[in-house]
Amino acid sequence: MKSIRLRAGKERSLLRRHPWVFEGSIASGKADAGETVRVDAADGGFLAWGSCSPASAIRVRAWSFDQAERIDAAFFARRIARAVAMRERLAIPSDACRLVHGEADGLPGLVVDRYGDTLSAQFLAAGVERWKPVIADALLAATGCTRLYERSDASVRGLEGLEHATGWLRGEGETALTIREHGWRLTVDVAEGHKTGYYLDQRDNRRRFAELVRQFGSKRVLNCYSYTGGFSVAALAGGAEQVTSVDSSGPALERAAAHVALNGFDPARHEALDADVNATLRRLLDAGQRFDAIVLDPPKFAPTAAHAERAARAYKDINRLALLLLEPGGLLLTFSCSGGVDASLFHKIVAGAGLDAGVDGYLLERLEAAPDHPTTINFPEGEYLKGLAILKQ
Ligand code: SAH
C-alpha cells in the first residue's frame, strides 16, 4: 500500500473528518489515479485511507478514517447500503430520489439518482472511477434495480483528468422514463436530461410552491429557468390560472409543455418562452406585465468562491427585476445553487436587489435541498442549494 505524508500542521482537516487533502498539504508520496493510499500525518500517525487523484488539486479524497477498515468490494457495499437505507427512512414522496450524494455519503465524487426502476450515476473523481464496476454491482444489489445508466459527462471530470463517459453500465433499453413526484407525473430521459436527468433537489420546494400559490391565490405565475417545468406543474396544481416557463433550452421547454398536458391541465394555461431570462425579465417589465408569483432557479453562477463577485451581480440583477415585476403582495421563490455563495451572502444579495428595486418584502421561509441531498456536519462545502420565499410588501 502506498502512503502519502502530510506537511506538519496539515493533519487538522482530516482529524475533523473533512474528506479532502489538497495538493499543497502533501510533503511526500504519490500514487496512480484512483489508487488507494494511506494518508499519514507528519509524525507518521495514521489519518485516513483515501483515493489519489494526481491530476487534481484535491489530491486525495478520504474513503475512511478507521485504520481497521479495508477498502474493498465489501466497503463499497456497506457504504451504498447505508446510503440507500437512509433514503428509505426519509419516506420520500416520489419514486425518484438521490441515493448517493458524494462526500455526504462517504463516497466522494459519486452521485446516484434513482428514477423508478432505473439508476443514473455520475462518477466524478478518480477514486470512484477506478472502482466503477464494483460500485455498479453494489448499487444493483442494494436497490434491486436492474439498469444503471452512466452520466459521467460533467465538466468537473476534466479536473480529475478523466474523459466523459456515458451509456448503460448495467442493463439496457429505453432511456425515457416516467416518474411520480408528489401526485404529479413527470418524464425524464437519463441520456438526454441535465445532470442525471432531472433536478431532484428541488422536489420539496416544488411542493411548497404549490402550497404557497394556493394559500396566496397567485393567478399569474412566471417560472424562470424552468427546465422541464417542475415548478410550472406545481403552480398549476396550486391553482394558478396562467403560467409562463422561461428557459434557454428548447427540448426542456417542449417537455415542460408535455408535462402540463400529462398532468391534465389545459395547455392554454401554459406558455413556454425559449429565451434568456434576464432579457425576458426586462422585456416583460418594459411591456408593463405583472405577476403574482415568480420562481428564479438559475444555474450555478458561482461554481467556487472565486466567482462570487460576478455571480453576486448576476443574482442581484435578476432578483431586482423579479421584485419589480411582482404585484404588491406577490410571492418570490429565489434560489442559488452556487457552492461559492453561501446562505448569508445570498440573503445579502437579495436584500441589495430589494434596495435597488425600492421594495421591501417579508422573508417567509428559508429553503434548501431536499433531505435526500444531505449535508454532513463535517463537510459544510456540501451545502449548495439555498433559497428564500419572499412576500413583496
Ligand atoms: N427549476 C428547474 C431547474 C432549473 S436548472 C427544476 O425545478 O427542474 C437551470 C435551468 O436554467 C436549465 O434548464 C438551463 O437550461 C436554464 N438556463 C441557463 N441559463 C439560462 C439563461 N440565461 N436564460 C434562460 N435559461 C437558462
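What you see below is based on every heavy atom in this structure, not just the backbone, and it leaves out hydrogens, waters and symmetry mates. Order of listing sets the numbers, starting from 1, for every ligand and every atom in it.
Contacts between C224 and ligand 1 below 4.0 angstrom, taking non-hydrogen atoms only, are absent altogether. Here Y199 has side-chain heavy atoms under 4.0 Å from ligand 1, and that is the only part of it that gets that close.
Contacts of R282 classified as side-chain hydrogen bond (donor to acceptor under 3.5 Å, both in side chains), with partners at least two apart in sequence or in another chain: N278, D317.
At the top of the distance list for atom 2 (C) of ligand 1, counting protein heavy atoms only, stands D297 OD2, 3.4 Å. In this structure, the protein non-hydrogen atom closest to atom 14 (C) of ligand 1 is D247 OD1, 3.4 Å. The protein atom (non-hydrogen) at minimum distance from atom 22 (N) of ligand 1 is D276 OD1, 2.7 Å. Protein heavy atom nearest atom 23 (N) of ligand 1, with residue, atom name and distance: V277 N, 3.0 Å. In terms of protein heavy-atom proximity, atom 4 (C) of ligand 1 is closest to Y225 O, 3.1 Å. Considering only non-hydrogen protein atoms, atom 6 (C) of ligand 1 sits nearest to R206 NH1, 3.4 Å.
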Steps toward salt bridge (charged side-chain N to carboxylate O under 4.0 Å, His left out) verdict (R87, D105): CA-CA 11 Å; R87 274 56 178 193; D105 287 301; 2.7 Å; yes
Candidate pair E69 and R79, rule salt bridge (charged side-chain N to carboxylate O under 4.0 Å, His left out), full reasoning: CA-CA 12 Å; E69 188 152 38; R79 285 282 158 95; 3.7 Å; yes
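Annotation for ligand 1: atoms under 4.0 Å from non-hydrogen atoms of H194 are 12 (C), 13 (O), 14 (C), 15 (O). Taking every non-hydrogen atom of S249 and a distance limit under 4.0 Å, the qualifying atoms of ligand 1 come out as 15 (O). Every atom of ligand 1 is numbered from 1 in the order shown, and the set under 4.0 Å from a heavy atom of F231 is 1 (N), 7 (O). Against a heavy-atom cut-off of under 4.0 Å, A275 is close to the following atoms of ligand 1: 23 (N), 24 (C). Counting the atoms of ligand 1 from 1 in the order shown, those under 4.0 Å from a heavy atom of S226 are 2 (C). For ligand 1, the atoms closer than 4.0 angstrom to any heavy atom of Y227 are 2 (C), 3 (C), 4 (C), 8 (O), 13 (O).
Between F379 and H18, the ring planes are tilted. Angles from 30° to 60° get that label. Ring geometry for F335 against F231 counts as tilted: the plane angle lies between 30° and 60°, on a 0 to 90° scale. Between Y225 and F301, the ring planes are perpendicular. Angles over 60° get that label, and only those under 30° would be called parallel.
Panel note: side chain W49, backbone Q67; a donor-acceptor pair is recorded below 3.5 Å. R98 places no side-chain N or O within donor-acceptor distance of the main-chain N or O of P374, the cut-off being under 3.5 Å. Formation of a donor-acceptor pair under 3.5 Å by the R220 side chain with backbone atoms of R290 is found in this model.
The hydrophobic cluster analysis finds L355 isolated: no Ile, Leu, Val, Met, Phe, Trp or Tyr side chain comes under 4.5 Å of it, directly or through other members.
Considering only non-hydrogen atoms, atom 20 (C) of ligand 1 lies nearest to S248 out of S248, G230, C337, P298.
The shell of residues lying under 4.0 angstrom from ligand 1, judged by heavy atoms, includes P299.
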